[in-house]
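Data block below; observations after.
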Amino acid sequence: MSESTEKKMVRLRSSDGEVFEVEESVAKVAKTLQDMLEEDCADAVIPITCVRAPILTKVIDYCKDQVMISSSSSTTNNPNERTEQERKAWGQKFMEGVDSSTLCELLVASNFLNIEGLLNLGVDKMVSMIQGKYPQEIRDMFNVVNDFTPEEEEEIRNQNAWAFERDPYYKKRSSSK
Amino acid sequence: MEPRIWSHLPQHLLELVLALLPLRTLMGLRSTCKHFNSLLSSPSFLSLLNKSRAPFLSSYLLLSHPQFPLHCFSLYEPTLGRWRKLELPFPVPATCGALNLISSSNGLLCFSASGSFVVANLLTRSCKTFNSPLYSFTSATLISANSCPSRFALCLISESSNLSSSVFVYDSGEDGWRKFEGYGSFLRHNSHQEGVFSNGRLYFSMREPFSVVGFDPRNGRWERQAAELPPDLTFVRLVSGGEERTGRLYLVGGVGRDGISRSLNVWELGEDGRNWVLLEVLPELMCKKFVSVCYHNYDHVYCFWHEGRVSKESSIGLCCYTWPEVLVYRVARRTWNWLPRCPSLPERSSCGFKWFSFVPNLNASV
């Protein structure tokens with residue numbers, strides 16, 4: 001890790017006041033920070049006002065990894081270079097164990113910092129958490145309040161019935177012929 | 001009440017996530033809460049949807065019959081061999097009265113009502129009503145293409161008493177009709193003929209002598225198709241190759257003498273558009289059944305392309321208004337079979353069997 005020229009460091013402060021010191025190249029993975037740094041309008045400590053420390057830690061982990069892959073990508077036979085499949089597996093592992101509220105914060109952070117790769121990872125993770133779920137499971141998951149009257153809900157089920165008859169969720173309806 | 005987690009997630013991020021959900025889950029979301037329910041009719045959300053999304057629903061064969069309850073249809077899923085009931089899932093505008101299904105294209109259904117037309121997308125439960133310029137028409141074709149899902153066209157052909165015909169084209173983008181010259185009186189003997197859309201043109205078959213003409217709905221030009229039709233035809237119907245066979249035109253026709261078909265064949269238009277290549281001959285027994293169920297009255301015969309949801313499952317449906325079964329030709333497998341009779345048809349139903357290919361599509365907007 002040691003190099004002759006000292007690496008330029010950037011300091012980031014999370015919304016709850018924790019300060020992180022990272023290499024400039026790591027910070028620059030975030031387009032928002034890159035723009036700030038290049039326009040030289042960054043203060044000594046850059047406040048990341050909407051991201052809490054545990055989330056920022058995760059974001060920085062992601063950025064560090066990106067730097068590691070790309071650092072030697074210009075040379076051939078880069079040991080860190082990943083195939084499409086490996087990248088997918090890595091992404092999955094990175095997102096493993098992330099609960100839905102952390103995921104929401106990660107999405108907000110990667111959107112604010114403009115880190116496309118992380119945003120995509122988060123979106124994919126969220127899709128995998130939602131898909132195949134029944135309405136009540138989704139309500140529980142997102143803490144959504146069912147604001148339909150039972151009649152309204154029934155009507156919507158009826159409207160969907162032609163496309164969902166095989167779905168257990170609609171079983172009750174279709175059996176009534 | 002604002003859900004706790006959502007409040008952290010800006011609206012556009014949430015929509016980004018939801019737009020990637022499989023259509024099935026997305027449809028299921030409708031009944032979770034009002035907000036999710038409204039998404040499926042929000043243009044900004046619909047524009048996010050991945051155009052190349054993997055299909056979630058089957059593609060259906062849709063049967064309309066005068067003895068079904070009002071605004072009810074039967075759907076058949078060829079891959080599962082299952083029937084299900086379809087009741088129009090949107091409120092029918094009160095002024096329209098009874099809707100009569102006349103055309104289906106790319107997930108949109110077109111109904112004629114008293115003095116107007118209704119074009120609807122059943123997934124988004126949206127519909128558009130517009131006035132008809134005609135009291136009656138001989139042919140109506142709905143045109144909607146995946147390449148341009150935001151607008152549709154409806155092409156009407158009418159015939160006046162003086163043997164001339166005219167064409168009216170409705171463009172949903174302009175919300176207006178344009179009138180063009182017809183092609184002589186070619187539809188006089190071509191009842192039940194819908195146009196067939198391929199490569200930007202609407203093709204019709206003519207008879208006496210048999211030929212194929214193309215109509216360009218953008219400029220109203222008619223053009224005779226160059227390929228000579230096979231000899232000894234008793235009737236012909238055109239079919240356009242859908243997405244699996246984009247740009248391909250098929251000809252389904254009877255071959256025989258004196259109005260009696262000895263065989264039923266399928267031809268495909270050659271790549272250069274100069275000749276019809278014989279693709280398939282309907283097996284003799286099936287042919288005998290088909291010509292006997294339509295009593296050699298080929299006016300009642302019609303065909304449609306049915307896009308399969310899995311590759312190589314696309315087919316051509318061959319039907320007769322007076323017979324409840326459909327004869328299906330799987331183009332890639334080169335197999336023929338009769339679909340079973342719809343169980344919800346009344347015992348004594350005898351005519352008015354109208355089949356359509358229906359492939360639900362969330363992206364097609366009205």
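Reminder, nothing fancy here: chain letters follow the sequence lines and each chain counts from 1.
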Compare every heavy atom of [Y] with every heavy atom of [X], then report the nearest pair and how far apart it is.
X     : Y      : answer
B/G28 : A/P135 : O-CG, 3.4 Å
B/T32 : A/F148 : C-CE1, 4.1 Å
B/R30 : A/N160 : NH1-OD1, 2.8 Å
B/V17 : A/L107 : CG2-CD1, 4.3 Å

[X] versus chain A, heavy atoms under 4.5 Å apart: side chain, backbone, both or neither?
X      : answer
B/L122 : both
B/R125 : side chain
B/L13  : side chain
B/L86  : both

In Å, rounded to the nearest 0.5 Å, how long is the span from [atom1] of [X] to [atom2] of [Y]?
X      : Y      : atom1 : atom2 : result
B/L14  : A/C104 : CG    : SG    : 8.0 Å
B/E87  : A/N158 : CD    : CG    : 8.0 Å
B/S31  : A/I138 : OG    : CD1   : 8.5 Å
B/F36  : A/D147 : CZ    : CG    : 10.5 Å
A/I156 : B/L29  : CD1   : CG    : 11.5 Å

For residues 111-119 of chain A against chain B, heavy atoms under 4.5 Å, the residues are A/N111, A/L119

ask   = Any side-chain heavy atom of B/C33 within less than 4.5 Å of one from A/V145?
value = no

Honestly, the part of A/E155 sitting under 4.5 Å from a heavy atom of chain B is neither

Within the supplied structure, the quantity of interest is the number of heavy atoms (other residues, nucleotides, ligands) at a distance under 6.0 Å from A/K64 NZ; does it exceed 12? no

- prompt: For atom CD of A/Q92, is the number of surrounding heavy atoms from other residues, nucleotides or ligands below 6.0 Å larger than 12?
  reply: no

